[in-house]
Amino acid sequence: MLSSLPHSSAPTDTDVLIVGAGPTGLTLACDLARRGVPHRIIERAPHANDASKAKTIQPRALEVLDDLGAAPLVLQRGVVDLPVRFHDAGGAVTDRPSMSVRAAESFHSPYSDPVWVGQFDVEEALRRRLADFGGAVEYGLAAVGLEQDDDGATVTVASDRGEQRIRTRYVVAADGGKSGLRKLAGLPLTGETYEDQRWYLGDVTIAGLDRDHMHIWTSESGMIGLTPLPSSDLWQLQSPIRPEDEPGEPSLALYQAMLDERAGVGVVVLTSATWLSVYRVNVRMVEHYRRRRLFLAGDAAHVHSPAGGQGMNTGVQDAYNLGWKLAARIDGADDSLLDTYESERLPVARAVLDDSTRKMQRTTATVTGSSGNGLSTALAGIADDVTTGLPISYPDSPLTLHSPQQHATPVRPGDRAPDANGLRRAGTTSSLFDLLRGPHWTLLTFEHDGPLALDHTETPHLHVHRIGSTPGNDVVDTLGEFARRYQADPGDVLLIRPDGYLAARVRAGEEVDVFAHLTTYRGLGARL
Ligand SMILES: Cc1cc2nc3c(=O)[nH]c(=O)nc-3n(C[C@H](O)[C@H](O)[C@H](O)COP(=O)(O)OP(=O)(O)OC[C@H]3O[C@@H](n4cnc5c(N)ncnc54)[C@H](O)[C@@H]3O)c2cc1C
């Protein structure tokens, strides 16, 4: 915590300084806190964010929150099904299904459905978990300076009590799209600003509108969308600004006038607003995620259209990819492990930018027009398996070990490990995700009762489970789901990373090669 001293330049030592307490910074803080990594998380604002911003959390980000123990509150606050009610200029109403779509069964996720929930609730769930782990956000502290050397970084932090310098081994810029640290490090955010893509946004309260639907009014002046934010009395208002119009100052009166014009006078009555904003679409990203001791994560590294709802979800996954690697490095792993953060996550951001821009362009032409048909069709295609985050895979990562004998299987090295139910162990039945949950690596063998060359290396950082169909195994695959989903053959050995991706799939006897790969080539020995 900030000790006090105005204008103090005394160093405050920590291993990781996280700048920014949005969903990205909070995810990283939870992951480091549960691993016992000394860290601090500072936030420029004087209090927690209370703007809704993102309103859907996707299946893969929910899996991450599950691992961190933050999913239950998000599920409790959110809703799965939010059908859309289109109101046309003539007052006719058409009901359509929810824009979010269930992930394909083949991903075998316990969280197949995206959840509608305000970003503030996701952040609150993460803050509560951080508190459970003994951590806390330090509010009212803004990073304003950065110096780096071979051993660490010094970040100058300003508050209303003056400035202090924080000495840290690593800095993570989770300070959003306008990231000051990114600028201080000279990492440009290259891409395009879409001047014609500007939106009025706000969180408003409304008298007497049905909260079981997202409502969209279509008109020649542009649509207005109102999305109920579950577990609150708020609605998120979104309306495009026509390219030829100069945006007015967002206000309750302006939004009421727009609604009166498009929905009819007095049809929807706004009663208050907690957030009013104008948003301009930028499609930009950095070319590097790392500069020496500084890492960029979330919006600090990539910004794009909200079409498809990927921003918060990608930031959460950036942080989850980086957390275990920072912990391992601090515990003695080779520095090159940290370079895999960029090599794995940068292509993901590039794909998200491409996908969300394509979807934005498909939707743009339909946001004006008195009939909702075009808009309804465009919005129906905005969510798909890509937006769930579940297909993300790192096959080309240096951390992924491809075995020469590898046969075609549905789960290949680099892929996300799917869940499997009906695993019976020590008298209780659980799922594979129950075995994976936690900060450790996991080694699974299938139908293998011979010795393992690495049993002696088992540490708190590596859990080993022998799975099989008969009671002699330490985990019994009672439903055969593990065998089917992984197309596991007797003698298969699978190594799963702390972030739930398959690192290697080999035959019993070859596990030594796996560890040779990971310990000498990647230098992960200390954590295993
Ligand atoms: C209308 C709208 C709808 C959206 N819908 C979705 C959606 O459905 N799904 C989705 O996934 N995403 C969506 N997004 C995007 C999502 O809101 C962002 O991607 C997300 O907020 C990024 O999280 P972050 O933690 O990286 O950055 P931020 O949430 O921007 O957090 C950065 C934090 O850093 C702090 N900070 C900045 N500078 C400093 C400094 N110098 N020192 C200390 N602290 C600092 C800021 O105050 C802020 O709290 C939407 C966004 C908008 C605007």
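Indexing begins at 1, ligand by ligand and atom by atom, following the structure's order.
Using modelled atom types, one side-chain atom of D203 and one backbone atom of S52 make a donor-acceptor pair closer than 3.5 Å.
Under the 4.0 angstrom criterion for non-hydrogen atoms, G315 is not in contact with ligand 1. The closest approach between a heavy atom of L141 and any atom of ligand 1 is below 4.0 Å.
Judged as a salt bridge (Lys or Arg N to Asp or Glu O under 4.0 Å), the pairs with a partner in residues 343-354 (not counting sequence neighbours) are, in order, D318-R345, K325-E344, E344-R497.
For ligand 1, the atoms sitting less than 4.0 Å from at least one non-hydrogen atom of T56 are 8 (O), 9 (N), numbered in the order shown with element in parentheses. Atoms of ligand 1 lying under 4.0 Å from any heavy atom of G20, numbered from 1 in the order shown and given with element: 33 (C), 34 (O), 35 (C), 44 (N). For ligand 1, the atoms lying closer than 4.0 Å to a non-hydrogen atom of A174 are 32 (C), 33 (C), 34 (O). Ligand 1 places these atoms under 4.0 Å from at least one heavy atom of A142: 42 (N), 43 (C). When each atom of ligand 1 is checked for a heavy atom of T24 under 4.0 Å away, the hits are 23 (O), 24 (P), 25 (O), 26 (O). In summary, the atoms of ligand 1 found under 4.0 Å from a heavy atom of N313, numbered by their order in the structure, are 9 (N), 10 (C), 11 (O). Close approach of ligand 1 to L201 (heavy-atom distance below 4.0 Å) involves ligand atoms 1 (C), 53 (C).
If you check the side chains of S305 and S356, you find no donor sitting under 3.5 Å from an acceptor. For the residue pair Q310 and K359, no side-chain donor N or O sits within less than 3.5 Å of a side-chain acceptor on the partner.
Counting only heavy atoms of the protein, atom 13 (C) of ligand 1 lies nearest to A54 CB, 3.2 Å. The single protein non-hydrogen atom nearest to atom 17 (O) of ligand 1 is Q119 OE1, 2.7 Å, given as residue, atom name and distance.
The residue from R129, R60, R34 that alone fulfils the salt bridge (charged side-chain N to carboxylate O under 4.0 Å, His left out) condition with D67 is R34.
Considering backbone and side-chain N/O atoms, G311 comes within less than 3.5 Å of an N/O atom of ligand 1.
For atom 31 (O) of ligand 1, the candidate residues are G177, A319, G22, G25; the nearest heavy-atom contact is made by G22.
The side-chain tip of R416 does not point at the ring of Y501 from less than 6.0 angstrom away and within 45° of straight on.
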